[in-house]
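Contents: one structure, followed by commentary.
Each chain gets a letter, A, B and so on, in the order the sequences are listed, and its residues count up from 1. All values below were derived from every heavy atom in this structure, side-chain atoms included, with hydrogens, water molecules and symmetry-related copies excluded.
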There are 2 protein chains.
Amino acid sequence: MRGLALLSQQGLGRVSSGKLADFVNVNSWQIRKDFSYFGDFGTRGVGYDIANLARQIKKILNLDAGHKTALVGVGNLGSAVLAYPGFGTYGFSITAVFDNDPAKVGKKINNVTVEDISRLDSLVKRQIDLAIIAVPEQAAQAVADLLVMHGIKGILNFSPRRITVPKKIKVITIDIATDLARLPYYIPSS
Amino acid sequence: MRGLALLSQQGLGRVSSGKLADFVNVNSWQIRKDFSYFGDFGTRGVGYDIANLARQIKKILNLDAGHKTALVGVGNLGSAVLAYPGFGTYGFSITAVFDNDPAKVGKKINNVTVEDISRLDSLVKRQIDLAIIAVPEQAAQAVADLLVMHGIKGILNFSPRRITVPKKIKVITIDIATDLARLPYYIPSS
DNA sequence: CTATGTGAATTTATTCACAGCA
DNA sequence: TGCTGTGAATAAATTCACATAG
């Protein structure tokens with residue numbers, strides 16, 4: 001169930017077989033079970049065709065629906081997200097970038113021009129329905145409200161502040177501190 | 001089981017009761033069940049004492065063991081991590097920062113001086129056993145090897161590249177692209 | 001003979017309902 | 001009377017074993 005997303009990482013054409021099991025560090029039957037939930041797209045006695053597999057996974061994750069993504073906040077974190085490699089693997093990239101700092105508006109970063117935050121109202125027209133929030137925590141909720149108001153359907157939130165949105169909107173929060181705090185739990189007290 | 005880490009977020013003294021349940025968006029019995037796995041530290045008819053609760057959680061997560069953390073890589077991502085608020089909530093902060101760029105070595109960022117990557121050998125002496133990798137993906141594995149060699153026990157990895165370490169070392173990988181890719185799955189195809 | 005797909009068994013987590021202490 | 005702690009019931013995910021297609 002969980003390994004699915006990870007799998008598409010090696011989307012590039014490569015060998016095919018249930019040995020991608022140990023590539024994602026799970027046992028082979030987990031792969032088969034997970035796949036069988038969505039239908040069978042493997043050939044018995046042979047394995048899985050990478051190209052077809054990638055296509056199927058994209059369909060499952062709705063990645064072929066052509067979702068466009070906006071990034072709000074071009075501080076250190078925002079810049080890092082923009083430069084993040086691996087978005088290409090999933091077939092979608094960041095289409096628009098917003099910030100409220102006049103010094104940044106108009107600049108080009110990674111081939112995308114930073115726009116003023118007031119231009120968020122163009123999201124609907126541009127059919128952008130995903131957004132990444134990379135602003136200071138004080139501003140996170142306000143930005144989220146704006147995004148929702150302008151038709152965003154899913155938000156990836158980097159601020160440690162919990163944001164509240166209508167329950168129709170899907171939010172995934174990445175709290176670095178929380179993840180780091182989980183680490184000591186697995187470490188023997190020395 | 002899962003809500004535990006999230007809970008310590010509001011570590012600051014505050015009201016006490018099972019209503020922190022809806023604060024973390026779970027039902028009240030989940031809180032109680034999760035807590036009861038580690039022993040009972042609530043008073044019947046009253047609730048939980050925040051101060052004591054925070055102390056207990058820290059003990060469970062091994063946060064009171066005084067783990068020190070090093071950050072490797074002071075690019076956009078590294079800087080963002082350094083500036084990330086919320087680490088204080090968990091009682092630990094980043095003790096050392098490393099980079100291989102001579103232009104950055106010696107600079108002070110957020111009260112921590114950037115050291116050359118070759119100084120990683122001082123980790124053992126300084127009793128640093130956690131590390132955050134925020135370097136370009138090509139360098140991730142090499143840095144991980146170095147860290148392991150110098151006694152790091154847990155790694156928070158931001159690169160989309162899968163890194164391999166001895167299985168005694170705990171690695172938590174944060175792959176922004178994967179998280180973002182999960183988003184469309186929950187969105188109606190419109 | 002190889003590697004998939006899937007029902008059945010086992011283990012784990014979630015939810016409920018209620019007893020017990022303040 | 002209110003809120004915690006916990007055993008029992010329910011649901012879900014893991015693991016196994018094996019039939020089946022290529």
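Each of C:dA17, C:dT4, C:dC16 was ranked by its minimum atom distance to the side chain of B:R32; first place goes to C:dA17. The B:D40 side chain lies nearest to D:dG5 when the options are D:dG5, C:dA22, C:dT6.
With rounding to whole Å, A:F35 atom CZ is found 15 Å from D:dT14 atom P. Going from atom CD of A:Q56 over to atom C1' of C:dG5 covers 15 Å, rounded to whole Å. The CH2-P distance, from A:W29 to C:dA9, rounds to 18 Å in whole Å. A:F41 places its CZ atom 15 Å from the C1' atom of C:dA3, with the value rounded to the nearest Å. Look at OH on A:Y37: it is 7 Å from P on D:dA13, rounded to the nearest Å. We find that CZ of A:F38 is positioned 17 Å from C1' of C:dT4, with the value rounded to whole Å.
Ion pairing between B:R126 and B:E115 holds under the 4.0 Å rule for side-chain N and carboxylate O.
A:F98 approaches A:A70 most closely through the heavy-atom pair CE1-CB, 4.0 Å.
In this structure a side-chain-to-backbone donor-acceptor pair under 3.5 Å is present from A:N157 to A:S159.
Between A:N27 and A:R44, it is A:N27 whose nearest contact on DNA chain D lies nearer the 5' terminus. Mapped onto DNA chain C by nearest heavy atom, A:G42 and B:K33 fall at different nucleotides, with A:G42 at the one closer to the 5' end.
Using bins of under 30°, 30° to 60° and over 60° for the plane-to-plane angle, the ring pair B:F41/B:F35 lands in the tilted bin.
For A:Y48, no side-chain nitrogen or oxygen approaches OP1 or OP2 of C:dT2 to under 4.0 Å. For B:Q30 and C:dT14, the shortest distance from a side-chain N or O to OP1 or OP2 is not below 4.0 Å.
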